[in-house]
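For reference, the structure is listed below as structure tokens.
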There are 2 protein chains.
Amino acid sequence: MLKLAILGFLHDRPLHGYELRRHLAALTGHVRPISDGTLYPAIKRLESDGLLVRSTEPGAAAAPRHTLRLTDAGRATLLDRLRTPDDLDVSDENRWFTVLAFLRHLDGEPAAQAAVLRRRLAFLDEPASFFYEGDRPVGAEEATDPFRRGMLLIARATTAAERDWLRTTLAELDRSV
Amino acid sequence: MLKLAILGFLHDRPLHGYELRRHLAALTGHVRPISDGTLYPAIKRLESDGLLVRSTEPGAAAAPRHTLRLTDAGRATLLDRLRTPDDLDVSDENRWFTVLAFLRHLDGEPAAQAAVLRRRLAFLDEPASFFYEGDRPVGAEEATDPFRRGMLLIARATTAAERDWLRTTLAELDRSV
DNA sequence: CGACCATACCTCGGAGTCGAGATATAGCAA
DNA sequence: TTGCTATATCTCGACTCCGAGGTATGGTCG
């Protein structure tokens, strides 16, 4: 997902590592900021895969900055990823939000965008329960402790809100196909 | 967090690995089920740390089962973790839910439970924005594409629902101190 | 009887991630 | 001048994690 996020940000405009770090910190930041030891190796991987190139620009700032820009392959990889919902991990809040953040890059392809949303909707419609007592799931009403009850209530509210948004947005996308 | 979850489940009653796997799949399952290659090494780590012991019971089922039970050190480690909110990563949805799932083990310590909830509430009250355009954050109303707007709307709804629950639960806990 | 599935556990290689630290410059303040 | 902070990048070891595979046994179905 870090890979997707990097490609996603660079699709807007070239950035150097430090700027990218700030963008990533905002996106994932309230969740878990990535460290330098994660970011810079990830950049190198993408570079050696030919998905981005760097151009060193000295003088500008304190330390020499490496401006990163997507190659055509990088741009294609990003869009291909978004176009194949089955390969996207839509089951994790954080990963899903990363997808959502860059789905706009598929502009002009409302059907492809809708397919991604539909996949998430299908996932949300799967019945989920967090706990089992023996063989049967524990619902929000049955949980005797306030904390597990809270979990289930919050999850329910969250899911409902997202499902609403998904449905209305899907309706709009379908109209524009 | 896997460590916390294993200790948390074993606090209720001894389980063998396969049962534990099922419980973990339910808890994290709608997010990302853990694999055997993660679970069994984790069990071994906890074992060699002296936090749990295994007793092999042959005959019962197909393959020999290893029943896992917490040691006193294991139980103490679990409770200590929960009692020190500063050490808990409360900023990630998944991790936070794991904490919430086992906070009931601090029964009889409403003040300690409240401290954990307060930490989460403080985190939620921090202003968060996912995107920057240059230097200024992009709000839900400003986002021109429906997807980033959706992210921000969903995040807002989620946060509001959880904040409500946190406040009412905190009020109840404070009454019982 | 053989095929198959669920139970039950383990190992290995490869990859990603983190934290801590190293390096360097520019600018500002004491 | 010394020191601090922000900019900007990189490396290293340790650890965790995953996927793929391997090894068993017991039960069910045809």
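- Under 4.0 angstrom from either OP1 or OP2 of D/dG26 there lies no side-chain N or O belonging to B/Arg65.
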For residues 169-177 of chain B, which side-chain donor-acceptor pairs fall under 3.5 Å, sequence neighbours excluded?
| residue | atom | partner | partner atom | Å |
| --- | --- | --- | --- | --- |
| B/Thr169 | OG1 | B/Trp165 | O | 2.7 |
| B/Thr169 | OG1 | B/Trp165 | NE1 | 3.2 |
| B/Ser176 | OG | B/Leu173 | O | 2.9 |

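- Atom CG of A/Asp36 is separated from atom C1' of C/dG19 by 11 Å (rounded to the nearest Å).
- A close approach under 4.0 Å does not occur between any side-chain nitrogen or oxygen of B/Lys3 and OP1 or OP2 of D/dT16.
- In this structure, CG of B/Leu68 is placed 7 Å from P of C/dC9, rounded to the nearest angstrom.
- Residues from residues 91-99 of chain A lying near DNA chain C, meaning a heavy-atom separation below 4.0 Å, are absent.
- A/Tyr40 has no side-chain polar atom (N or O) that falls below the 4.0 Å cut-off from OP1 or OP2 of D/dC10.
- Residues satisfying the ring pair (Phe, Tyr, Trp, His ring centres under 6.0 Å) criterion with B/Phe9, sequence neighbours excluded, are B/His23, B/Phe102.
- Against DNA chain C, the stretch residues 80-89 of chain B makes no heavy-atom approach under 4.0 Å.
- At C/dC9, none of the side-chain N or O atoms of B/His16 fall inside 4.0 Å of OP1 or OP2 (strictly under the cut-off).
- Comparing atom distances between the B/His66 side chain and each of C/dT11, C/dC9, D/dA8 picks out C/dC9 as nearest.
- Ion pairing of A/Arg163 with A/Glu126 is absent here, as no side-chain N (NZ or NE/NH1/NH2) approaches a carboxylate O to less than 4.0 Å.
- No donor-acceptor distance shorter than 3.5 angstrom exists from the side chain of B/Arg21 to the backbone of B/Leu39, with no hydrogens or angles considered.
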Write down the protein N/O and nucleotide N/O pairs, taken from nucleotides 13-16 of chain C, whose separation is under 3.5 Å; answer none if there are no such pairs.
| residue | atom | partner | partner atom | Å |
| --- | --- | --- | --- | --- |
| C/dG16 | OP2 | A/Arg45 | NE | 3.4 |

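- For A/Arg54, the salt bridge (Lys or Arg N to Asp or Glu O under 4.0 Å) test picks out A/Glu47, with sequence neighbours left out.
- More than 12 non-hydrogen atoms from other residues, nucleotides or ligands lie less than 6.0 angstrom from CG of B/Asp86.
- Distance, A/Met1 CE to D/dC18 P: 14 Å, rounded to whole Å.
- Counted by atom type alone, B/His16 and B/Thr67 present zero donor-acceptor pairs between their side chains at under 3.5 Å.
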